[in-house]
Amino acid sequence: MPRIGVFTCWCGENIARNVDVQSVSEQAAQLPGVRCSQTCKYMCSDPGQKLIRDTIAAEQLDGVVIASCSPHMHLKTFRKAAAQAGLNPYLIEMANIREHCSWVHPDKARATAKAVDLIRMAAAKVRHNRALEPIKVPVTRKALVVGGGVAGIQAALDLADAGIPVALVEREPSIGGKMAGLSETFPTLDCSQCILTPRMVEVAQHPNITLYTCSEVEQVEGYVGNFQVTIRKRARYIDIDKCTGCGQCWNVCPSKKTPSEFDYGMGNRTAIYVPFPQAVPARPVIDRDACLRLTKGRCGLCAKKCQAGAIRFEDQDELVREDVGAVIVATGYQLYEIGRRGEQDRLSGYGEYGYGQYPDVISSLQFERLLSASGPTGGELRRPSDGTIPKTVVFISCVGSRDNAKGMSYCSKICCMVNAKHTMLYKHKVHDGQAHVFYMDIRAGGKNYDEFVRRAIEQDGAHYHRGRVSKITQEDGRLIVRGVDTLAGEPLTIVADLVVLASAMRPAAGVEELAQKVNVGYDEFGFLCESHPKLRPVETNAAGVFVCGACHGPKDIPESVAQASAAAGKVLLMFSRDQLHREPEIAHIQESHCAGCFACRRGCPYHAIDAAEIRDRQGLLVRRVARVNPGLCMGCGTCVALCPSKSADLEGFSEQQVYAMVECLR
Amino acid sequence: MNAHAAETSSNGFEPKIVAYVCNWCTYLGADLAGTNRLEYPTNVRIVRLPCTGRIDFNLIVKAFEIGADAVVVSGCHPGDCHYTSGNYHARRRWMLFRELLATLGIDTDRVHFAWISAAEGKKFQQVISEITAKTREMGPYRAYREICEA
Amino acid sequence: MEIGYYPGCALHGSSNDYEMSVRACLSTLGVHLRELDDWICCGATAAHSLNRKLAVALPARNLGLAERDGMDELLAPCPMCSAQLMKARCVLAEDQAFRSEISEIVELKVRGTTRVCNLIQIFQRVGYESIQKIAVQRLEGFRPACYYGCLLTRPPGVVQFDDCEHPSSMETLLKGLGAGPVEWNYKTECCGAGMTMSNESTVLELGHRILSNAAAHGANCMVVACPMCHVNLDMKQSAINQRYSAAHDMVVYYLSDLVGLALGISPDALGIPRHFVVRK
């Protein structure tokens, strides 16, 4: 026979005004299984809690119903009190007779009757409660950061500085990401490389960071606290430990005609190359498609020249395993493909701008390289077609952004600032030049941002035209830009020497595959989904996986860095204990009943259900059943409703408990 | 004799309404109705579940079996689910289950689906009041008892 | 090869030289044109700006006739007509209720099974290589500016023909026949089309720009596949010269003219002497 104690709270007048507490308590005492029924003016107060503790001990209660306020208010309080009295905290149930009763029902007789019903339901439920222990998951105190742009660098350094070993995986031969290629940054116009390269060097030298460049995440297994990650290190053809980075090899390389990825095709590079002088690691890599030795079997000049003997033409891809407790995804962005025809029309378009046809129509990242002191023109602004200095430059906003017809519906957020910055940098380099901007709206929300745009217009004399460009054509080596100025209400033609398209930000290529490996959701554009847009902005629905930077949505540098530090902070929080403690109110599968249909697995939003193999004593496979991973289950109970054989159940809200609650209303 | 029986005998027909609600949106919406002292009829009995995704629709049949005159299922708005997608599962399941209920001869007008967020105390009050009034109008669900007996 | 043929009003009126050229050219290529019986106007410029139902019903009747006569494909050499027919076909495919309403209005069952194509697509169907094989004369000395105008490639989702902004199908065809088409900027600009009656000054301005740009890029003639373009660039050329004190002397050919010449058809049979600007 159960020994249930019912404790009804007056909540001062809050409950007692509309509910006859004394009568409720007396009726509760008559409910099946109830051993004793008590009341108190304030059950949550010290005397109230003491009453509960003492009664639990004196009456040897094995179940408790507290009839008071909402469980969202005080369930934790009462669970703690029960634990102090030696009763398992999960043997506590609450009947919400305040928010759901006394406060909303002024008719005292009816409110009292309902209060008794609510207690009846709670008492029926608590009879089936089971003692539960918090789930403890061991934690590997090491983190994986995917992506070595500014966000990944920030996250990795924050963690490493806090003493956490970090594996930083970067696809390109060097870390630094998009930011390393920028000339100067808004709204302060400080040199991008000057602020980033010291951070890159810190990464290289940090004892807690293992840097994998030319590498990608191949596979992720396991769950929060216990991920096993396989990293593919692509063949670099250089022994980076032997290499001194002297530069002899790339100086003798005869294959010089490959467009430089780092310069977005604005310049060329050799087949053996460092992407840019400040690269980290400062070691070359061989492009296997351009190298004459690797493609045609001849040449090998670099190997002859290398005194360190660091060239390894026989190099192969290598798989490395890292065990980590948390993953931070910081894979960044790529630009919308202007003028190219993609599989999806939405991802490319604007043939009317002639990008790819007219050499002097370029993207904003290409323009950055033309401005950059480390760029192909050495910081002198010379246009690609004939190397002359452009005297009129047109900047076009929203190429691919905010365009439902042939682009993305979203605003790429940084382009207004980028355009303003470009007009200023241009004016600073070409004093007699004129910058024009075609824009839809100017969006410059942010600290010192609007002032920056005003400066571009007022001090540096950029001409801003509100309207779109309809067509760009080429005439005698100049670009005829035809558009409209909607404020003047007139068509507008500008004869320009250079046109810069501020194309939309899109998540980096391959992010969807990575998201599937780590079980993180992504939106229709491929941006990764956070767990909650306001309150859990760097967490994801995959426990132990965090996001930061532009892989999550269009973002500028300050935001990416802030988010990266936030993600690192969340990882540190997770690592602050030796074990993760999770709520035990999760699902479980009765494997003897499970038919292995895996309806639960398909419906589980957390990928928390695995297929387990049942084997006989000889080790032969008998059948496959569903099994809940307690490290991942969040306790939503979707599997319970989906299971056709009723093998799935949820602790705290079991079938038995819920049916008992309904049954007692008969 | 429980509270319902008492109400029925003294005041004519008082419907019995069972509400299955999720813990994170509708339950908190009901809490907010309380905090704001928004009055509504006493007929509803709330069963708290973590998510509408947890609701096996046999629970609806169960509610009618114990004599409910109406059933309410309410959770987070589409897109707001605490558990990402449980409410979508619930909705999809309900679309299918409704057909099945109708085939069984159960009056699907007595099953109500609603999205009520944690901020919608007012909506909770309105929904419950309307459903109670409607059920009162429809009268006791004798037909179900007849199905069971038949 | 037999194909349904929808001439449209222009080819039976002011632009009957285009029809001569199309017929002569295609018969040499072995394409038999079966003219749609009892065809009506496609609605062209007027209808689609005034009344949606009318704009769909007019072309829909023609589509219904083509279906009735069992035509799989319908050639409309005028891009205005082909665009109207294609647009109606798209609208009807999307909206079933509207389709039954329109069917009732035109008193014909319209299902939208007949495909509609423009002149270039017919040449593509015959095959550029086959045309080259049959050709008897190289088009040496012709440096045409191929002019597509607004409607051959637009709206891209409806007509689904070539690159909307940078088309090249006419150039490819003519290059194969020995001509030297020029790259220029106004391939897909508007010539003013139907404004030729109501707003002549706009048409003259646009025509002047187009002719100037073609000449500036070294063209010695122009090629069009649209009766309206031809009217505005050929017939209006003297008016343009007068207005802008210009000296344009640009022969404007239909695409079928040049293909016809390559096939050895006489200029007379192609109706070329009936153009306003003729090569002296």
Side-chain angles (χ1 to χ4, degrees), chain A residues 336-361 363 385-386 394 396 399-400 403-407 409 438 468-484 489-499 501 503, chain C residues 87 90 94 145-172 181-193 195 199 201-219 222 229 244 246 248:
Chain A
Y336 169 86
E337 289 188 6
I338 323 152
R340 242 167 285 169
R341 292 230 165 211
E343 283 169 21
Q344 277 177 284
D345 284 345
R346 202 182 68 200
L347 306 180
S348 55
Y350 299 95
E352 62 270 37
Y353 293 167
Y355 182 87
Q357 261 184 328
Y358 310 136
D360 295 324
V361 178
S363 75
S385 63
D386 54 7
V394 170
I396 304 177
V399 177
D403 188 339
N404 281 325
K406 50 186 177 182
S409 50
F438 281 91
R468 300 290 286 166
V469 169
S470 62
K471 185 113 183 173
I472 298 173
T473 54
Q474 207 175 22
E475 203 82 48
D476 301 328
R478 305 193 77 192
L479 296 161
I480 316 297
V481 182
R482 282 186 288 153
V484 62
E490 279 179 350
L492 181 65
T493 300
I494 294 171
V495 181
D497 302 306
L498 185 69
V499 173
L501 307 177
S503 42
Chain C
K87 227 187 285 176
C90 280
E94 273 162 20
C146 299
Y147 178 59
Y148 296 78
C150 15
L151 284 170
L152 267 175
T153 61
R154 293 193 188 96
V158 172
V159 302
Q160 297 191 342
F161 171 69
D162 211 334
D163 185 310
C164 167
E165 298 289 343
H166 302 280
S168 58
S169 41
M170 284 206 257
E171 279 90 341
T172 312
V182 300
E183 265 311 310
W184 66 306
N185 287 333
Y186 281 59
K187 281 184 190 183
T188 57
E189 297 301 297
C190 176
C191 68
M195 295 282 195
N199 190 346
S201 76
T202 299
V203 169
L204 296 184
E205 188 186 334
L206 294 172
H208 177 53
R209 275 195 214 161
I210 293 166
L211 289 165
S212 307
N213 195 272
H217 286 82
M222 289 188 67
C229 297
Y244 293 99
H248 297 299

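The sequence lines fix the lettering, A, B, ..., with proteins before strands; numbering per chain opens at 1.
- Side chains of Gln357(A) and Glu183(C) form no contact here, defined as non-hydrogen atoms less than 4.5 Å apart.
- Neither the backbone nor the side chain of Tyr353(A) comes within contact range of chain C; no heavy atom of the residue lies under 4.5 Å from a heavy atom of that chain.
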Can you list the steps and then say if Thr188(C) with Glu352(A) is a side-chain contact (heavy atoms from CB on, under 4.5 Å)?
-> CA-CA 10 Å; Thr188(C) 57; Glu352(A) 62 270 37; over 6 Å; no
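- To the nearest 0.5 Å, atom CD of residue Glu165(C) and atom OG of residue Ser470(A) are 8.5 Å apart.
- Here the shortest heavy-atom pairing between Glu475(A) and Asn185(C) reads OE1-ND2, 3.1 Å.
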